[in-house]
Amino acid sequence: MSTSRPIPRSQLGALVRELPKAEVHLHLEGCIPSPVWLAAAERHGMTCPLPLVDGRPEITSLQALLDHLDWACSLVDRAEDLRAIALATSQHLDRSGALHADVIFNPTHWPHWRERAAEMVGELSAGFDEAERAGGATVNLCWSLNRRQSEAEANDVVDWLLAERAERVVGLSIDGNEAAGSNNERFAGAFRRAADAGLRRCAHAGESSGPGGVWEAIELLGAERIDHGVRCVEEPALVRELARRRIPLDVCPTSNVVLGVAESIAAHPVEALRRAGVRVSVNTDDPELYGIELAGEYEACAAEFRWGARQLGEVARTSIEASFASEDRKAAMLERLESFLEATIGGT
Ligand code: HPA
Ligand code: ZN
């Protein structure tokens with residue numbers, strides 16, 4: 001039976017935590033627990049350039065966030081720290097009932113590892129293996145280009161991905177600040193080569209770029225999913241196209257509020273887009289920097305937009321379907337989701 005009655009607030013927290021789901025917009029760099037980089041800073045005799053609030057750097061713009069990531073990740077030079085970051089990422093997923101994640105990592109933030117990518121991926125994989133063996137979420141990695149990189153560097157990355165074929169690295173991504181230009185033409189060839197070789201593709205767009213960035217991510221980069229994408233709302237024809245082509249948006253509500261893309265959760269376009277038929281998932285982006293949990297993002301949206309079982313089920317289903325997990329893994333997760341919805345809230 002279909003129901004979309006709002007869920008009582010007293011039941012919502014537990015329900016969204018248990019809801020089977022995937023997280024498809026999550027940066028490794030945004031999952032570094034503060035104690036890890038604070039200890040690394042102390043070892044290097046450095047202090048955080050930003051003021052700390054509740055032990056977290058005070059971040060109010062995308063550029064400040066990216067600068068902080070450059071600084072914090074540059075301190076991480078020990079393999080054991082990479083494993084600890086992978087474990088912390090898995091724990092973040094497990095706390096919110098996420099069964100799978102596609103984790104974005106951008107080696108341009110990590111000077112100690114940039115030329116040692118195989119070692120970096122190996123250490124991260126060892127951490128994720130350990131968590132998976134203990135029953136944690138399955139994790140894939142997507143190597144992310146920085147929009148400031150050159151065409152040659154982007155092609156070098158694809159060369160590496162194709163030569164190594166590291167089991168866990170299933171996709172190519174692109175992130176960074178589009179304020180100084182999206183430069184998508186520069187990356188089109190690398191994305192085309194990745195697609196031809198069977199790699200999955202996602203792209204940040206429609207956060208620091210407007211609708212034009214989203215169009216280019218689809219047309220020039222062949223992105224299968226758009227990270228953020230929410231500024232598509234500024235162009236109704238684009239919203240209709242995203243709905244028609246069933247291209248999912250990997251939405252991060254709190255991130256958008258903190259970085260000034262949306263004024264508040266109440267004013268966030270995720271609900272208008274969902275109602276317009278665009279497939280949306282809910283994600284955290286950089287949970288350690290914002291002090292948030294994935295389940296909390298679902299809860300905030302459900303409370304604000306009066307999502308009931310039908311809407312929560314739909315968003316969770318999109319998160320799984322949009323993920324780059326294997327078809328078998330997706331089928332198993334979808335089955336768990338449908339059983340959960342049936343048992344807990346009477347089906348969707
Ligand atoms: N946008 C672009 N680049 C990023 C982000 C983001 O939200 N988080 C980490 N790198
Ligand atoms: Zn992001």
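Note that these values count all heavy atoms, side chains included, but never hydrogens, waters or copies made by symmetry. Indexing begins at 1, ligand by ligand and atom by atom, following the structure's order.
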Q) Does E207 approach ligand 1 within less than 4.0 angstrom via side chain, backbone, both or neither, non-hydrogen atoms only? A) side chain
Q) Relative to the heavy atoms of L62, which atoms of ligand 1 are at a distance of less than 4.0 Å? A) 1 (N), 2 (C), 6 (C)
**Q.** Between Y290 and S255, a side-chain donor and acceptor under 3.5 Å
**A.** yes
**Q.** Min N/O separation H109 to ligand 1 under 3.5 Å
**A.** no
(Q) Working note: E178 + R147, criterion salt bridge (charged side-chain N to carboxylate O under 4.0 Å, His left out); need CA distance, chi angles, decisive distance, verdict. (A) CA-CA 7 Å; E178 292 176 84; R147 287 192 180 274; 3.8 Å; yes
Q: Answer yes or no for G30: is there a heavy-atom contact with ligand 1 below 4.0 Å?
A: no
Q: Look only at interatomic distance and state if D285 has a nitrogen or oxygen under 3.5 Å from any nitrogen or oxygen of ligand 1.
A: yes
Q: Report, in ascending order of atom number, the atoms of ligand 1 lying under 4.0 Å from any heavy atom of L66.
A: 3 (N), 4 (C), 10 (N)
Q: Calculate the angle formed at the Zn ion (ligand 2) by NE2 in H25 and NE2 in H204; 10° precision is enough.
A: 90°
Q | Criterion salt bridge (charged side-chain N to carboxylate O under 4.0 Å, His left out) on R201 and E224, from CA distance to verdict | A | CA-CA 6 Å; R201 288 95 49 215; E224 299 172 84; 3.4 Å; yes
(Q) Tell me whether G176 has any N or O atom under 3.5 angstrom from an N or O of ligand 1. (A) yes
Q) Within a radius of less than 6.0 Å around CZ of R306, do more than 12 heavy atoms belonging to other residues, nucleotides or ligands occur? A) no
Q. What do you reckon, is CD of E80 surrounded by more than 12 foreign heavy atoms closer than 6.0 Å?
A. yes
(Q) Looking at F324, I'd like to know if the NZ or CZ of R225 sits under 6.0 Å from its six-membered ring centre while staying within 45 degrees of the ring's axis. (A) yes
**Q.** Contact check, L65 vs ligand 1, heavy-atom distance below 4.0 Å
**A.** yes
**Q.** Intermediate values then yes/no, salt bridge (charged side-chain N to carboxylate O under 4.0 Å, His left out), D102 and R200
**A.** CA-CA 11 Å; D102 296 332; R200 312 303 303 265; over 6 Å; no
Q) Would you say H27 has an N, O or S atom lying under 2.8 Å from the Zn ion (ligand 2)? A) yes
Q | Where ligand 1 meets H27 - atom numbers and elements under 4.0 angstrom, heavy-atom basis | A | 4 (C), 5 (C), 8 (N), 9 (C), 10 (N)
Q | R116 CZ: over 12 foreign heavy atoms closer than 6.0 Å | A | yes
Q) Which of parallel (below 30°), tilted (30 to 60°) and perpendicular (above 60°) describes H44 and H112? A) tilted
Q. Under 4.0 Å from any heavy atom of D286, which atoms of ligand 1 are there?
A. 8 (N), 9 (C)
Q.
What is the name of the N/O/S atom of D285 that is nearest to the Zn ion (ligand 2)?
A. OD1
**Q.** E29 touching ligand 1 at heavy-atom level, < 4.0 angstrom
**A.** no
